[in-house]
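One structure is given here, and the rest of the page talks about it.
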Amino acid sequence: MKHKVSLKPYNTFGIDLPVADFTEVDDIEQLAELSDYAAPVHVLGGGSNILLTRPVEGLIILNRLKGLNVVKEDDNHVWLNVASGEVWHELVMFAVNNDLSGIENLALIPGTVGASPIQNIGAYGVEVKDIIDSVVCWHWQEKKLVTYDNADCKFGYRDSIFKHELKGKVFVTSVVFKLGKHPVLNTSYGAIEEELNKMGVTTPSIQSIAQAVINIRSSKLPDPKEIGNAGSFFKNPEIPLTQYQQLKLEHPAMPHYPVTETIVKVPAGWLIEQCGWKGYRHGDCGVHARQALVLVNYGGAAGDEIWKLSGEIVASVKDRFGIELEREVQVW
Ligand code: EPU
């Protein structure tokens, strides 16, 4: 175990704050040994969905669990058990290269496999809950591995039981994905169709969809290796249809997507752009010029500066549209 370690290399926002205790885990047995650690324990995967605002107390465990194996297989599906420390995009490319469908729309999402169920990562019409069979966790108090089936995980939009009842209680060790042998392609998201057309693809495949997603993401979203960021900083808010209808009178161009018969989702990126924030920069922190949902650190921004900027954005969207944005990143 190391002490007073800078977390700068371990978070994609590139915030330079220390943690009291730090260790890496590459074997499940090490988790048993760490189960009696007295202070708070945090798990870090790719560090691509956190904003550090103060020195972290307790212990950070960097997840280095690796490995992938086929659990079972039938005529239509393959069940893959993937260790939580594997890089998400590498898993997507493994599936794509082996003609296994289900996660091609989720190409290039930063982070690790272990974070995927916690956050129920999603993009371009697919959420990971659609292909998760089960999630295997080390339970800190019970000191044993526990398997949560898809239904146990209580998946919602960027949400799961791991952010609520099980928060801090478990360490995700592996995820079992049910991938298809006969592709069921999802090209319903407008941007994918557009990109496939641009690529000259008339008969989409798992491979061309993954490539389309990679093209779209690379053109819109900043690469954390170049500019610090944690992807979408806010969730897309869900509002009552009646509120949307009222807002639409004043803002006819406001995009929206139906969630239920009475609830619609409105893109936070659009709301933030309308409030004039897109491309805004103050010191080293700002709002990305090509996607207003992404806050960025141009180099030396402090976590609390980014936090403050996010508060100003929340206030201005609330003021202009009466909609309360919720942060998507985890703030530590
Ligand atoms: N828009 C604007 N201005 C902006 C950004 C977006 O007007 O600055 C509008 C777009 O024109 C479009 C709509 O908002 O009409 C939606 O934009 P986009 O397709 O870029 O998707 P998003 O709603 O902004 C969500 C996810 C992304 C995911 C994309 C694609 C959330 C919080 N974000 O973004 O996920 O990649 O859809 O499916 O749901 C992430 O979670 O980190 C993430 C990047």
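One-based numbering, in listed order, for ligands and for the atoms of each.
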Heavy atoms of the protein only: does one fall short of 4.0 Å from atom 24 (O) of ligand 1?
yes
Which residue holds the protein heavy atom closest to atom 34 (O) of ligand 1, what is that atom called, and what is the gap in Å?
Leu293 CD2, 3.9 Å
Atom NZ of residue position Lys248 - does it have more than 12 heavy atoms of other residues, nucleotides or ligands inside 6.0 Å?
yes
So between Tyr124, Tyr189, Trp270, whose heavy atom ends up nearest atom 17 (O) of ligand 1?
Tyr189
Which class fits the ring pair Trp140 and Trp138: parallel under 30°, tilted 30 to 60°, perpendicular over 60°?
perpendicular
Run the numbers for me: atoms of ligand 1, each under 4.0 Å from some heavy atom of Lys278, listed by number.
3 (N), 4 (C), 8 (O)
N/O donor-acceptor pair under 3.5 Å between Glu226 side chain and Asp223 backbone:
no
Across all chains, not counting sequence neighbours, the side chain to side chain contact (heavy atoms under 4.5 Å, CB included) partners of Pro267 are Asn236, Pro255, Tyr257, Trp270
For a 4.5 angstrom cut-off between non-hydrogen side-chain atoms, does Ile239 reach Val264?
yes
Write out the residue and atom name of the closest protein heavy atom to atom 8 (O) of ligand 1, then the distance separating them to 0.1 Å.
Ala292 N, 2.8 Å
Proximal atoms of ligand 1 relative to Gly231 (non-hydrogen, under 4.0 Å)
42 (O)
Can Arg327 be said to sit on top of Trp307's aromatic six-ring, NZ or CZ under 6.0 Å from centre and within 45° of the ring axis?
yes
In sequence, state the C-alpha distance, the side-chain angles, and the governing distance for Phe234 and Leu271, and then conclude on side chain to side chain contact (heavy atoms under 4.5 Å, CB included).
CA-CA 11 Å; Phe234 301 98; Leu271 299 169; over 6 Å; no
If you compare Lys265, Glu328, Arg158 by their heavy atoms, the one closest to atom 35 (O) of ligand 1 turns out to be Arg158
Can you list the ligand 1 atoms lying under 4.0 Å from a non-hydrogen atom of Phe234?
32 (C)
Is there a polar contact between ligand 1 and Arg290, counting only N or O atoms under 3.5 Å apart?
no
Cluster check Leu65, Phe177: I/L/V/M/F/W/Y, side chain < 4.5 angstrom
no
Quick one: look up the protein heavy atom nearest atom 28 (C) of ligand 1 and list residue, atom name and how far away it is.
Ala123 CB, 4.0 Å
Check Tyr157 against ligand 1 and report side chain, backbone, both or neither, counting heavy atoms closer than 4.0 Å.
side chain
Geometric class of the Phe321/His251 ring pair [parallel <30°, tilted 30-60°, perpendicular >60°]
tilted
N-O pairing of Glu324 and Lys318 below 4.0 Å:
yes
Which of the numbered atoms in ligand 1 are below 4.0 angstrom from a heavy atom of Pro267?
13 (C), 14 (O), 16 (C)
Among all protein non-hydrogen atoms, which one is nearest to atom 44 (C) of ligand 1, and what is the separation to 0.1 Å?
Ser232 OG, 3.2 Å
Does ligand 1 have a heavy atom under 4.0 Å from the side chain of Trp277, from its backbone, from both, or from neither?
neither
Give me the ring orientation class for Trp332 and His42: parallel if the planes are under 30° apart, tilted from 30 to 60°, perpendicular past 60°.
tilted
Option with minimal heavy-atom separation from atom 5 (C) of ligand 1, where the choices are Gln291, Lys220, Glu326:
Gln291
Heavy-atom nearest neighbour in the protein, as seen from atom 2 (C) of ligand 1, with distance rounded to 0.1 Å:
Glu273 OE1, 3.4 Å
Within-shell test, Arg217 vs ligand 1, heavy atom, strictly < 4.0 Å:
yes
With the threshold set at 4.0 Å, does a side-chain nitrogen-carboxylate oxygen contact exist between Lys198 and Glu195?
yes
Would a search of protein heavy atoms around atom 40 (C) of ligand 1 find one under 4.0 Å away?
yes
Does an N or O anywhere in Asn236 fall below 3.5 Å from an N or O of ligand 1?
yes
Closest protein heavy atom (residue, atom, distance) for atom 16 (C) of ligand 1
Tyr257 OH, 3.3 Å
